[in-house]
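All figures in this text were calculated on a predicted structure; none of them were measured in a lab. Count residues from 1 along the sequence.
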Amino acid sequence: MNRQVEKRIGQNIKYLRGKAGLTQDVLAAKLQLSDCDITRSAIAKIEVGQRHLYPDEIILIKQILNVKYEDIFK
């Protein structure tokens, strides 16, 4: 995936997470409770575009943050 695209998606996730009032720790914990093996530091790397997102992570992030895919990918 294009580095700029990953960075933009990460920024969108960071914004949406903040809007939902969740910390990186809380988002990571909620993902872990949904059987997603992810850490807070992985969330931080996603938000700055340093780590790729997997499809199952995108689906769960969408559900946890209660947003549309368009909100993540715009």
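For residues 51-70, every residue pair satisfying the salt bridge (Lys or Arg N to Asp or Glu O under 4.0 Å) rule, not counting sequence neighbours, is listed here: Arg51-Glu57.
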Practice item. I would like to know whether Lys19 and Val67 meet side chain to side chain contact (heavy atoms under 4.5 Å, CB included); could you show each step before the answer? Key: CA-CA 11 Å; Lys19 190 174 173 185; Val67 296; over 6 Å; no
Practice item. List the steps and the verdict of side chain to side chain contact (heavy atoms under 4.5 Å, CB included) for Glu6 and Ile9. Key: CA-CA 5 Å; Glu6 287 182 341; Ile9 290 170; 5.8 Å; no
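Among residues two or more places apart in sequence or in another chain, the side chain to side chain contact (heavy atoms under 4.5 Å, CB included) test is passed with Ala29 by none. Checked against side chain to side chain contact (heavy atoms under 4.5 Å, CB included), Gln63 has the following partners two or more places apart in sequence or in another chain: Ile59, Leu60. Taking Val48 as the reference, Gln50 meet the side chain to side chain contact (heavy atoms under 4.5 Å, CB included) condition, with sequence neighbours excluded.
Closest non-hydrogen pair, Thr23 versus Val26, comes out as OG1-N, 3.0 Å. Looking at every heavy atom in both residues, Leu16 comes nearest to Asp71 through CD1-O, 3.8 Å.
In terms of hydrophobic clustering, with Ile, Leu, Val, Met, Phe, Trp and Tyr side chains grouped at heavy-atom distances under 4.5 Å, Leu33 and Leu22 are assigned to different clusters. No continuous path of ILVMFWY side-chain contacts below 4.5 Å connects Tyr54 to Phe73, so the two sit in separate hydrophobic clusters.
For the atom pair CD of Gln11 and CZ of Arg8, the computed distance is 9.0 Å after rounding to the nearest 0.5 Å. Atom CG of residue Leu31 and atom CD1 of residue Ile64 lie 4.0 Å apart, to the nearest 0.5 angstrom.
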Acceptor/donor pairs from residues 37-47 side chains to any protein atom, 3.5 angstrom cut, sequence neighbours excluded:
unit_1	atom_1	unit_2	atom_2	d
Thr39	OG1	Ser41	OG	3.1
Thr39	OG1	Ala42	N	3.1
Arg40	NH1	Gln24	OE1	2.9
Glu47	OE1	Arg17	NH2	3.1
Glu47	OE1	Gln24	NE2	2.8
Glu47	OE2	Arg17	NE	2.6
Glu47	OE2	Arg17	NH2	3.3

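Ile13 is listed as a side-chain neighbour of Leu53, based on a closest heavy-atom distance under 4.5 Å.
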